[in-house]
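Dropping the structure in here first, questions after.
By convention in this document, chain letters (A, B, ...) are assigned in the order of the sequence lines, proteins followed by strands, and residues within each chain are numbered from 1.
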Amino acid sequence: MPELPEVENVARALQRNLAGRRCTGLRVRFAGVLSQSPRATRSALLGKRLEDVHRHGKYLILNFRDEAGSPAHLMLHLRMTGQLINLTDYHLDRHVHLVFDFDGLPVYYRDIRKFGRFTLVEDGRRPAALAHIGPDMLEISFREWGARVAARRAALKAVLLDQGVAAGLGNIYADEALFRARVHPEAVPAELDRATLQRVLRSAKGVLRLAIRHGGTTLVNFTDFNGRPGNFRRKLRVYGRTGEPCRACGTPLGRTVVGGRSTHFCPSCQRR
DNA sequence: AAGATTACCTGAAGGC
DNA sequence: TGCCTTCAGGTAATCT
């Protein structure tokens with residue numbers, strides 16, 4: 001599932017492979033992934049050059065500009081199963097909803113569950129549509145994060161997943177961050193001391209940076225012609241390892257539900 | 001007002 | 001084999 005590290009890798013691949021190219025075509029096979037009409041989306045993008053790609057949390061914003069200096073900003077969220085694919089010999093299947101053309105280079109949007117969304121916005125950095133989203137998890141300072149979290153009484157994991165507090169952490173990396181910080185997912189932020197909260201934020205940033213370096217956990221790859229998946233899966237210490245021994249202490253890992261999400265943890269390393 | 005629940009979708013996996 | 005249920009999880013909308 002695309003979380004911050006996967007989205008960051010998509011952003012870098014888009015930047016590397018498409019920046020400087022003009023959007024010269026957009027075929028819409030399923031209009032449900034567009035917030036605006038296909039006609040409006042095409043008219044905003046066609047003929048404009050991709051200048052840069054900005055990421056905020058799990059959102060991407062593609063910034064375009066035409067020769068006359070007129071801009072366009074396309075925001076997208078891959079949600080659960082969205083993929084951007086940049087293979088020249090790609091074989092279309094029924095899950096490919098958009099086909100962009102960048103000066104002859106095809107870019108496919110594939111999304112099995114159709115949760116992803118492309119939205120034209122009016123600003124390339126902080127559009128109004130993201131006003132309720134907090135600072136990016138990799139950029140937020142402890143001063144700010146700590147202040148936002150200090151009074152919360154919901155389970156810590158639920159607060160980590162709350163994109164209004166800080167944006168980018170999803171279910172997989174929330175579990176990994178809590179394990180690395182040795183804090184129980186149901187701990188109450190308001191009851192934790194400063195050092196523990198600092199450890200949680202540091203662990204969250206650490207696991208995100210590590211996953212970015214390993215290409216993420218999803219299979220989105222722009223440069224690679226065989227669509228090689230990210231290889232962070234091997235590095236996961238708790239997610240999806242229920243019943244298997246903790247890599248730190250050997251205790252069988254537990255699974256519970258926090259904030260409606262499946263939650264993996266070590267009952268011995270992560271005490272309440 | 002924060003916290004909890006549901007809707008949105010499809011495919012995989014498990015039970016019978 | 002095939003039908004049915006459950007689960008997966010990001011976000012917005014809707015409830016309490």
- Item | Worked check of side chain to side chain contact (heavy atoms under 4.5 Å, CB included) between L178(A) and L160(A) | CA-CA 9 Å; L178(A) 286 166; L160(A) 285 174; 3.8 Å; yes
- ring pair (Phe, Tyr, Trp, His ring centres under 6.0 Å) contacts in which one or both residues fall within residues 11-33 of chain A, not counting sequence neighbours: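 Checked against ring pair (Phe, Tyr, Trp, His ring centres under 6.0 Å) - neighbours excluded - the pairs reaching residues 11-33 of chain A are F30(A)-H97(A).
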- Message: Check this one for me: any side-chain N or O of Q163(A) less than 4.0 Å away from OP1 or OP2 of dG10(C)?
- Response: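 So the side chain of Q163(A) is outside the cut-off, no N or O lying under 4.0 Å from OP1 or OP2 of dG10(C).
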- Task: To the nearest 0.5 angstrom, please state how far the SG atom of C266(A) sits from the CZ atom of F179(A).
- Result: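 Here the rounded value is 6.0 Å.
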- Query: Can you list, by residue number, the residues of residues 153-161 of chain A that have a non-hydrogen atom closer than 4.0 angstrom to DNA chain B?
  - Reply: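 DNA chain B contact set from residues 153-161 of chain A: R153(A), A154(A).
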- Task: Considering only NZ, NE, NH1 and NH2 on the basic side and carboxylate oxygens on the acidic side, decide whether R49(A) and E67(A) come within less than 4.0 Å.
- Result: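 Yes.
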Contacts under 3.5 Å, N or O only, protein and nucleotides 4-7 of chain C:
none

- Apply the test side chain to side chain contact (heavy atoms under 4.5 Å, CB included) to residues F142(A) and L197(A): give CA-CA distance (whole Å), side-chain angles for both, the deciding distance (0.1 Å), then the verdict. CA-CA 9 Å; F142(A) 178 72; L197(A) 287 175; 3.8 Å; yes
- How would you list all residue pairs meeting side-chain hydrogen bond (donor to acceptor under 3.5 Å, both in side chains) that involve residues 243-254 of chain A, not counting sequence neighbours?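 Sorted result for residues 243-254 of chain A: R241(A)-E244(A).
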- Message: When the P atoms of dT5(C) and dA7(B) are compared, how many Å lie between them, rounded to an integer?
- Response: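 Looking at atom P only, dA7(B) and dT5(C) are 16 Å apart.
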- Message: Just to verify, which of Y90(A), F100(A), F102(A) counts as forming a ring pair (Phe, Tyr, Trp, His ring centres under 6.0 Å) with Y108(A)?
- Response: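 Checked Y90(A), F100(A), F102(A) against Y108(A); only one passes ring pair (Phe, Tyr, Trp, His ring centres under 6.0 Å): Y90(A).
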- Distance check: side-chain N/O of R261(A) vs OP1/OP2 of dG10(C), anything under 4.0 Å?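 So the side-chain polar atoms of R261(A) do come within 4.0 Å of the phosphate oxygens OP1 or OP2 of dG10(C), strictly under.
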- V7(A) and L60(A), any side-chain heavy atoms less than 4.5 Å apart: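 Counting from C-beta outward, L60(A) and V7(A) do come under 4.5 Å.
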- What are the residues of residues 132-141 of chain A, sorted by number, that bring a heavy atom to within less than 4.0 Å of DNA chain B?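 The answer is none.
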- Task: Using the P atom on both, measure dC9(B) against dC3(C) and round to a whole Å.
- Result: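 These two P atoms come out 24 Å apart once rounded.
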- Reckon F30(A) touches a base, only the sugar-phosphate, or nothing at all at heavy-atom distances under 4.0 Å?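 No contact at all - F30(A) keeps every heavy atom at 4.0 Å or more from the nucleic acid.
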- Message: By the ring pair (Phe, Tyr, Trp, His ring centres under 6.0 Å) test, which pairs, at least two apart or in different chains, include something from residues 245-272 of chain A?
- Response: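 Every pair satisfying ring pair (Phe, Tyr, Trp, His ring centres under 6.0 Å) with a residue in residues 245-272 of chain A: H184(A)-F265(A), Y239(A)-H264(A).
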- Item | Pairs satisfying side-chain hydrogen bond (donor to acceptor under 3.5 Å, both in side chains), at least one member in residues 129-142 of chain A, at least two apart |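 side-chain hydrogen bond (donor to acceptor under 3.5 Å, both in side chains) check on residues 129-142 of chain A returns R55(A)-D136(A).
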- Message: Taking the side chain as everything from C-beta on, heavy atoms only, tell me whether L62(A) gets closer than 4.5 Å to L50(A).
- Response: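 Touching, per the 4.5 Å side-chain cut-off.
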- Whole-Å distance between dA12(C) P and H77(A) NE2?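 Those two atoms, NE2 and P, are 8 Å apart.
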- chain A footprint on DNA chain B, 5' to 3' - any atom under 4.0 Å from a heavy atom: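 For DNA chain B, the relevant span reads dG3(B) to dG11(B).
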- E51(A) side chain near R65(A) side chain, heavy-atom distance below 4.5 Å: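 Sidechains of R65(A) and E51(A): in contact.
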- Item | I112(A): partners by side-chain contact (heavy atoms from CB on, under 4.5 Å), with sequence neighbours left out |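 Counting only residues at least two positions away or on another chain, I112(A) forms a side-chain contact (heavy atoms from CB on, under 4.5 Å) with T81(A), H95(A), R110(A).
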- Query: Salt bridge between K58(A) and E3(A), side-chain N to carboxylate O under 4.0 Å?
  - Reply: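 E3(A) and K58(A): not salt-bridged.
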- Pair listing, side-chain hydrogen bond (donor to acceptor under 3.5 Å, both in side chains) test, anchored in residues 144-170 of chain A, at least two apart: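 Of all non-adjacent pairs touching residues 144-170 of chain A, those that pass side-chain hydrogen bond (donor to acceptor under 3.5 Å, both in side chains) are E144(A)-R148(A), R152(A)-D162(A), R153(A)-E191(A), K157(A)-N171(A), K157(A)-D175(A), K157(A)-T263(A).
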- Task: For F115(A) and dT11(C), give me the distance from atom CZ to atom C1', rounded to whole Å.
- Result: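 After rounding, the gap between these two atoms is 9 Å.
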- Which residues share a ring pair (Phe, Tyr, Trp, His ring centres under 6.0 Å) with H77(A), sequence neighbours left out: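 With neighbours one apart ignored, the set is Y59(A).
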- Query: To the nearest Å, how far apart are L60(A) CG and dG10(C) P?
  - Reply: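 Answer to the nearest Å: 16 Å.
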- Could you give me the stems involving DNA chain B, meaning stretches of three or more consecutive Watson-Crick or G-U wobble pairs whose two defining distances are both below 3.5 Å?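 Stem list for DNA chain B: B:2-8 with C:10-16, B:10-16 with C:2-8.
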